[in-house]
There are 2 protein chains.
Amino acid sequence: MDKSPPETINTEARRASHGAVTLADVATLARVAPITVSRALNSPDSVSETLRSRIRTAVDQLGYVPNRMAGALASAKTKVIPVIVPSLSNVVFIEVIEGVQETLTAHGYQLLLGTTDYNLEREAELVSALLGWAPPGVMIAGLRHLPRTNTILKNAGLPVVEMMEYGARCIDMNVGLSHVRAGMEMAEHLLSRGYRKIGFVGTRLRDDYRARQRYDGMHRRLLESKIASDMLFDYPGGGSQQLGWNALGDILKSNPELDALFFASDEMAVGAILRAQREGIAIPGRIAIAGFNGLPVSTLVTPSLTTIISPRKLMGHTAAEMLLARIAGGSPAARRVNVGLELAAREST
Amino acid sequence: MDKSPPETINTEARRASHGAVTLADVATLARVAPITVSRALNSPDSVSETLRSRIRTAVDQLGYVPNRMAGALASAKTKVIPVIVPSLSNVVFIEVIEGVQETLTAHGYQLLLGTTDYNLEREAELVSALLGWAPPGVMIAGLRHLPRTNTILKNAGLPVVEMMEYGARCIDMNVGLSHVRAGMEMAEHLLSRGYRKIGFVGTRLRDDYRARQRYDGMHRRLLESKIASDMLFDYPGGGSQQLGWNALGDILKSNPELDALFFASDEMAVGAILRAQREGIAIPGRIAIAGFNGLPVSTLVTPSLTTIISPRKLMGHTAAEMLLARIAGGSPAARRVNVGLELAAREST
DNA sequence: CTGAAAGCGCTTACAG
DNA sequence: CTGAAAGCGCTTACAG
């Protein structure tokens, strides 16, 4: 096949063009009006069998692919939905995106992906840029944005779903869980198992305020108890297993009085457990370890990891369904959904 | 702020409209022609200081966001690039996407994400649908597509990068590594360490032909050696750690004669190691374990995992750079890039 | 440096 | 069931 576009069709064009086959080309070949081709493609039932098959032949022969931008511009309807998350390095966002993608795809929508790297300025720019695609709705991680971002989204007058965390105030719709509550539940659990000096280990906590909320929840509950205390460790450099591995060594040396560590993610907690295995450190004898997310690996490590399970795919599905309900003109079952969480008490504590 | 769009502007419109502020609105407020607003935004230097600041004020006051679809339609230029991968469940694709995203974003491009779930029919549909956005280029995982997909992509006359695997024939450009070679190198390694009865463990191998290529490479090398043999295990249900965990138990029972297992991914291999830890199975004494990818966790488990390291982010960066070079009208440094691989011999073998 | 006109490739709204 | 006209919101190409 020839790789160059069919230039001949446009030799006389005065303007830039995609050089691609258009509706008009199909119409000419099928000897009908362009609008009839449009109908044959978008609402086949409204076109006679005869013309429909003639048009189909022409479409196939020319390899016609409708220009979505022209269609969207004319009809003021798009099926592309921006999904904005902080990062792809965190499994949690991936699984939410997967859930969103599954639901969107099933309804013929496409996903336009944006990542902010936890930077709210960048988030604001991204929101502006993506609104330029005149999307029918927007999905965004988190409830905290710059005032500017909130204003833009509100003024856009579109359905918006804020995901990942559940809170009292949202722009439009909200699906998530309470991270403060997660922290409180873990504190409760650690207290009940007799731990009294607890470290919280996270990374980039200035940006990752959801992790900080888990710390806040834990901190509050421990204070209340009057029998336990905590310390906060904020490591630079991404929430990986390597970080958990490093943290365990550092902390045992610098703060030997601690008897439990609550990590910001299962990945970090697993890293700590692997380090303990390697060095023969007893878990939970010497120190207890807990995580957050409920990744599958949490049941496979030895000792198995105490963690808080969050329904990530469900969050994605629910968020997408709510958005689609609103786009379809209806209203979702609820405007705010708390997907909940579940503490899994296992061997590591 | 009022959540509804500024209806008043369009009360007399005969057609659907986004109800959004347009270039014309800004032009009216700034008392200039629309084209001048367009210039002030796209090539500020070509507009006088006076008008430029008047326009800027109007833009801010109205909260104007340019409609990208109208712009793209008129100029035949878009900055959205479709990226098509089989799945998001596999870290490998995520890291490639991250690399792609970093490079695209740095050049002002956006990423339109499509997943095929390893289904070539679905891939073909996705390619058609995404070409409807008249993108300046396409990035797609894999060298194997339906003939129809190849034809569509070739006829589109756009820059196309096929990623993940390196091979002799590509549609346009290619960045990847040789999976056959990876399998051969692992076979070589296992032979050199004295293993003679080797199992290859994968999942959905009918669809994941790159994993099957690694098996083929291993198989070929073992046959050549005349001293070793292999078996192929294809488990249903996603390449998770859980799968590796299950596989280790099954295989030790059903095929106790095997002395080494080469897993299709590090995740699966790590699952097997965790199972062995739990049950006190000696690795590599009772059975050797090897993986593929070189995930960070491979160095953290005990025993550390022998694996093949692939430069995933580099692949993403390189692929995006090649595409952008072609979009900019130049030609990339090379049309085909083999990013290579590196066998890391560790404790598990 | 600034603008009036035409056009990008579709769909809406109105006729027949 | 089929079509001619107008328009979606921009930018190109041509003038001044």
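Letters A, B, ... mirror the listed sequences (proteins, then strands); counts begin at 1. Any value given below was found using the heavy atoms of this structure, including those in side chains, with hydrogens, waters and symmetry copies removed.
Between B:Leu73 atom CG and D:dT11 atom P there is a gap of 11 Å when expressed in whole angstrom units. Atom CG of B:Leu62 is separated from atom P of D:dG9 by 14 Å (rounded to the nearest Å). The CG atom of A:Leu51 sits 11 Å away from the P atom of D:dC1 (whole-angstrom rounding). A straight line from CZ of A:Arg52 to P of D:dT2 spans 9 Å, rounded to a whole angstrom. When rounded to the nearest whole Å, the span between CG of B:Asp45 and C1' of C:dC1 equals 12 Å. Computed from coordinates, the B:Asn67 CG to D:dT11 C1' distance equals 13 Å when rounded to whole Å. Computed from coordinates, the A:Met69 CE to D:dC10 P distance equals 14 Å when rounded to whole Å. For the pair B:Trp133 CH2 and C:dC10 C1', the computed distance is 12 Å after rounding to whole Å.
Partners of B:Ala33 by side-chain contact (heavy atoms from CB on, under 4.5 Å), not counting sequence neighbours, listed by chain and number: B:Ile35, B:Thr36. Taking the side-chain contact (heavy atoms from CB on, under 4.5 Å) definition, one finds that B:Leu23 meets it with B:Val37, B:Ser38, B:Tyr64, sequence neighbours left out.
Base pairing in DNA chain C gives the following stems of 3 or more Watson-Crick or G-U pairs, range against range and under 3.5 Å: C:1-3 with D:14-16, C:5-12 with D:5-12, C:14-16 with D:1-3.
Considering B:Leu113, B:Thr115, B:Val127 in turn, B:Val127 is the only one that fulfils the side chain to side chain contact (heavy atoms under 4.5 Å, CB included) rule with B:Ile84.
In this structure, the separation between OH on B:Tyr209 and CG on B:Leu143 is 5.5 Å, given to the nearest 0.5 Å. Taking CZ of A:Arg122 as the reference point, atom OG1 of B:Thr105 lies at 5.0 Å (rounded to 0.5 Å). To the nearest 0.5 Å, the span separating CG on B:Leu153 from NE2 on B:His145 amounts to 7.0 Å.
Checked by distance alone, B:Arg68 brings no side-chain donor or acceptor within 3.5 Å of a matching partner on the base of D:dG9.
At the phosphate of D:dC10, neither OP1 nor OP2 sits under 4.0 Å from any side-chain N or O atom of B:Ser38. Checking the phosphate oxygens (OP1, OP2) of D:dC1, no side-chain nitrogen or oxygen of A:Ser46 falls inside 4.0 Å. Regarding contacts with the backbone of C:dT11, a side-chain N or O of A:Asn42 is found under 4.0 angstrom from either OP1 or OP2.
B:Thr22 places a side-chain N or O within 3.5 Å of a backbone atom of B:Ala24 that can act as its donor or acceptor partner.
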CA sep, side-chain torsions, deciding dist, call: A:Arg39, A:Val32, side chain to side chain contact (heavy atoms under 4.5 Å, CB included): CA-CA 11 Å; A:Arg39 287 200 189 99; A:Val32 295; over 6 Å; no
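Using a 4.0 Å heavy-atom criterion, one finds that A:Ala33 contacts the sugar-phosphate atoms exclusively.
The side chain of B:Ser48 approaches C:dT2 more closely than any other nucleotide in the set C:dT12, C:dT2, D:dC8. Among the nucleotides D:dG9, D:dT2, D:dG3, the one closest to any side-chain atom of A:Val32 is D:dG3. Comparing C:dC10, D:dT11, D:dT2 by their closest approach to the side chain of A:Leu23 singles out C:dC10. Among C:dC10, D:dC14, D:dT2, the nucleotide with an atom closest to any side-chain atom of B:Arg39 is D:dC14. Counting only heavy atoms from C-beta on, A:Lys77 has its side chain closest to C:dT12 among C:dT12, C:dT11, D:dG9. Between D:dG9, D:dA4, D:dT2, one nucleotide has an atom nearer to the side chain of A:Ile35 than all others, and that is D:dA4. Here the nucleotide nearest the side chain of B:Ser75, chosen from C:dG9, D:dT12, C:dT12, is D:dT12.
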